[in-house]
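Not measured: the values here are computed from a predicted model. Quick note: numbers below take in every heavy atom, side chains included, and nothing from hydrogens, waters or symmetry partners.
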Amino acid sequence: MGPHPAVAAIRLAVRRVLHDLLTEHHGTTAALPHAPSHELPPPPLVLVACSGGADSMALASALAFESPKLGVRAGGVTVDHGLQPGSDARAAEVVQRLRELGLDPVDSVAVTVGRAGGPEAAARDARYAALDTAAERHGATAVLLGHTRDDQAETVLLGLARGSGIRSLSGMAAVSGAGGRYRRPFLELDRQTARKACMVQSLPVWDDPHNADPAYTRSRLRHEGLPALEKALGKGVVEALARTARLSRDDADALDGWAGRAEATVRDATGVLECAKLYALPPAVRRRILRRAAIAAGAPAGSLFARHIEEVDRLITGWRGQGAINLPGKVVAQRQGGRLVIRQG
């Protein structure tokens with residue numbers, strides 16, 4: 001008898017990601033069995049980011065099961081945000097569980113969460129910085145994250161509420177980070193599958209009380225917003241939102257590519273943007289160029305919203321002699337004699 005369907009699903013998802021990593025690592029997995037061992041690079045190390053919750057524990061168990069069969073080294077890292085009493089003890093428990101699964105190396109990293117961008121964004125920034133540091137310290141090829149289809153649906157709705165445009169609606173990428181460091185095997189699986197996989201394997205899980213705290217936007221969306229949408233629109237909302245993310249990402253990638261190619265054609269010999277040439281572009285392409293220029297000038301990408309770019313765009317499409325536009329990061333956009341100058345103020 002084979003494994004429970006939930007266990008089989010999570011293992012298959014992880015196996016596919018490991019296969020992709022091996023293909024990238026060796027050039028082609030087809031050549032692996034026949035290549036002389038001295039010509040092969042050392043086995044890649046893959047870390048799982050684990051909070052101790054059901055999603056990440058299911059991911060850790062699948063990684064521990066699949067990695068030896070594929071010749072991949074597997075380790076783990078848990079981040080102690082220090083936001084709750086006893087968080088250090090919880091992190092130590094997670095480390096113990098990961099070691100019991102056979103993962104090595106396993107790290108617990110304590111971080112200090114700031115306040116920039118709100119509590120959720122600050123915790124996320126601190127967490128990814130810690131994961132980056134851990135990956136670099138161990139020379140890890142990739143870090144696996146346990147985001148599910150439900151998380152993707154929530155991300156799409158949050159982007160929709162912010163009015164941030166199609167890139168925000170594309171949600172989380174299956175591969176992201178510098179050099180494709182972060183991989184999300186579970187974006188096609190629902191949260192219940194991961195929880196059931198933990199249950200049938202008798203894996204202890206920790207339910208973060210922050211996930212049920214209405215003080216957090218994502219928590220309210222999870223426990224109030226999505227259930228209300230499903231009640232009004234019927235089942236299938238989560239799947240539809242996840243599908244929207246995939247379609248939006250394809251569109252956003254195509255438009256980003258167009259903007260990247262067009263950018264060189266709308267600058268003068270000194271590299272300054274020319275308003276007339278920008279005006280001739282489709283709005284979706286033009287605004288991408290403006291956003292890239294603002295970020296290049298020093299505006300933090302996470303603080304640069306659609307409304308900021310719309311204000312800059314009006315310097316191109318609705319020019320009436322208006323003054324400079326102040327952007328996050330002390331960046332200023334100003335029209336000067338048919339040119340658009342974006343620089344640190």
Side-chain angles (χ1 to χ4, degrees), residues 6 9-10 13 48-60 78-84 87 90 94 113 115 117-128 131 144-165 167-174 176 182-199 203-249 302 305:
I10 65 169
V48 57
C50 187
S51 66
D55 302 341
S56 57
M57 281 302 299
L59 181 57
T78 188
V79 178
D80 175 11
H81 297 84
L83 297 176
Q84 302 165 11
S87 63
R90 176 205 57 81
V94 173
V113 177
R115 297 185 177 182
E120 292 166 284
R124 182 176 60 249
D125 290 345
R127 179 167 59 255
Y128 277 102
L131 294 175
L144 305 188
L145 304 175
H147 297 122
T148 64
R149 186 170 63 190
D150 301 78
D151 296 308
Q152 185 75 296
E154 293 162 8
T155 301
V156 172
L157 282 177
L158 289 169
L160 183 63
R162 287 193 298 265
S164 301
R167 174 55 70 187
S168 185
L169 293 183
S170 65
M172 295 175 286
S176 66
Y182 293 106
R183 309 289 171 122
R184 298 176 174 87
F186 289 177
L187 287 182
E188 301 296 325
L189 299 177
D190 61 32
R191 190 175 288 140
Q192 192 58 37
T193 297
R195 184 167 289 276
K196 186 167 290 187
C198 289
M199 182 182 68
L203 291 173
V205 299
W206 175 72
D207 290 315
D208 186 347
H210 281 174
N211 290 336
D213 188 344
Y216 295 94
T217 304
R218 187 177 285 268
S219 175
R220 294 195 302 274
L221 181 59
R222 179 174 301 178
H223 297 287
E224 301 173 24
L226 269 172
L229 279 176
E230 290 200 330
K231 183 177 180 180
L233 302 176
K235 295 292 184 181
V237 170
V238 168
E239 292 88 340
L241 289 168
R243 186 165 58 251
T244 295
R246 290 194 299 274
L247 296 173
S248 297
R249 183 166 297 279
F305 300 136

- CZ (Arg191) and CD (Glu154) are apart, to the nearest 0.5 Å, by 4.5 Å
- Kindly compute the distance separating CE (Met57) from CD1 (Ile10), expressed to the nearest 0.5 Å. 10.0 Å
For [X] versus [Y], what's the shortest heavy-atom pair and its separation?
X      : Y      : value
Leu145 : Ala49  : CD2-CB, 3.6 Å
Tyr128 : Tyr182 : O-OH, 3.4 Å
Gly52  : Val94  : CA-CG2, 3.8 Å
Pro185 : Ala13  : O-CB, 3.4 Å
Ser56  : Ser51  : OG-N, 3.1 Å

Between [Y] and [X], is there a side-chain heavy-atom distance shorter than 4.5 Å?
X      : Y      : answer
Arg149 : Leu241 : no
Cys198 : Arg195 : no
Asp150 : Leu226 : no
Thr193 : Glu188 : no
Thr78  : Arg90  : yes

Can you tell me if [X] uses its side chain to pair, donor with acceptor, with the backbone of [Y] under 3.5 Å?
X      : Y      : answer
Arg220 : Pro214 : yes
Thr155 : Gly171 : no
Ser248 : Ala245 : no

- Item | Ser176 and Arg184: side chain donor to acceptor below 3.5 Å | yes
- Task: Check each of Leu229, Leu169, Val237 against Leu157 using the side-chain contact (heavy atoms from CB on, under 4.5 Å) test, and report the only one that passes.
- Result: Leu229
- Item | Residue that, paired with Thr148, satisfies side-chain contact (heavy atoms from CB on, under 4.5 Å) out of Leu59, Asp55, Asp190, Val238 | Asp55
- Query: Should Arg222 and Asp151 be marked as a salt bridge (charged side-chain N to carboxylate O under 4.0 Å, His left out) after you check the CA-CA gap, both sets of side-chain angles, and the distance that decides it?
  - Reply: CA-CA 9 Å; Arg222 179 174 301 178; Asp151 296 308; 3.3 Å; yes
- Would Gln152 and His147 count as a side chain to side chain contact (heavy atoms under 4.5 Å, CB included) if you check the C-alpha gap in whole Å, the side-chain angles of each, and the deciding distance to 0.1 Å? CA-CA 7 Å; Gln152 185 75 296; His147 297 122; over 6 Å; no
